[in-house]
Amino acid sequence: VAAAAARGLAAPPWVWGLQNLALAWVAVALGLLAVRSRGALLAVGPAWWAFLPNAPYLLTDLVHLRSRAAVPHWFDVCLLGGLGALGLALGARSLGDVAAAADRHLGWTAGLALRVLVPPSCGRAMVLGRELRFHSWHLVTRPLEVLDGARDVRFRGGHLDGLAMAVVFGAAVAAAAAWTTPEAGGRGDAVPG
């Protein structure tokens, strides 16, 4: 936030970056609520799943990286790279925590299902956000359009670009989750918390 504010002194502020970061923290907060009990997991879990892609979505903001006279290129690399890494870590840790809670409250098959299904759905949602400009709340306000977009693997790039992007983004979420959470089989010390 401080780096984004400092950047705003020299160039037009990247308000969208802070908005995307706030949405990432919404996903984390929903995850923290969901892990409290079986009832909380069942009640809050769907909203958590809908908002979770907002965290790793910060990786896609690297598309805004270009040289600008007012701000050194290295500064934007650090800012956008840092936001992307933070978003990926937040999303991965939240996935690990919620999957572990599912193990405890619903059984290991529920936790395994989350570990298997959530990363590819995050990848697909990240593409829907970047390419078709959908947001989590569009699942409620424009569900048919979101479903239509989710079926279209082509998006703007044509061919299978949308599917390839979803696979790569989903793999990044899965790899980060395996690395950051002991429940997913990774090193528990990668993300403090």
note = To the nearest 0.5 Å, atom CE of M165 lies from atom CE of M126 at 8.5 Å
inquiry  = Run the ring-ring contact (aromatic ring centres under 6.0 Å, His included) test against W74 and tell me which residues pass, sequence neighbours left out.
reply    = none
message = Could you work out, with ring-ring contact (aromatic ring centres under 6.0 Å, His included) as the rule, every residue matching W137, not counting sequence neighbours?
response = H135
ask   = Got a sec, which residues hit side-chain contact (heavy atoms from CB on, under 4.5 Å) with V28, two or more places apart in sequence or on another chain?
value = W25, L32, L90
task = Would you please name every residue forming a salt bridge (charged side-chain N to carboxylate O under 4.0 Å, His left out) with R36, sequence neighbours left out?
result = none
query = Does V98 reach the side chain of V35, with side-chain heavy atoms less than 4.5 Å apart?
reply = yes
task = Check whether any side-chain heavy atom of F169 lies under 4.5 Å from a side-chain heavy atom of T60, and answer yes or no.
result = yes
In residues 39-52, what donor-acceptor pairs under 3.5 Å come from side-chain atoms, sequence neighbours left out?
unit_1	atom_1	unit_2	atom_2	d
W48	NE1	S94	OG	2.8
W49	NE1	S121	OG	2.7

remark   = L80 meets the side-chain contact (heavy atoms from CB on, under 4.5 Å) criterion, sequence neighbours left out, with W14, W16, D61, L62, H64, L65
inquiry  = According to side-chain contact (heavy atoms from CB on, under 4.5 Å), who are the partners of A11, at least two apart in sequence or on a separate chain?
reply    = R7, A70, V71
ask   = Are any side-chain N or O atoms of R124 and backbone N or O atoms of A166, one a donor and one an acceptor, separated by less than 3.5 Å?
value = no
task = For residues L79 and A4, report the shortest heavy-atom separation together with the two atoms involved.
result = CD1-N, 4.0 Å
query = Sequence neighbours excluded, which residues qualify as side chain to side chain donor-acceptor pair (under 3.5 Å) partners of E145?
reply = R142
request  = Not counting sequence neighbours, which residues clear side-chain contact (heavy atoms from CB on, under 4.5 Å) with V63? List them please.
outcome  = R130
ask   = Is there a side-chain contact between L95 and P119 (heavy atoms, below 4.5 Å)?
value = yes
request  = Would you indicate whether the side-chain heavy atoms of L18 and V1 approach each other to under 4.5 Å?
outcome  = yes
message = Counting C-beta onward and ignoring hydrogens, is there a side-chain heavy-atom pair between P120 and V167 closer than 4.5 Å?
response = no
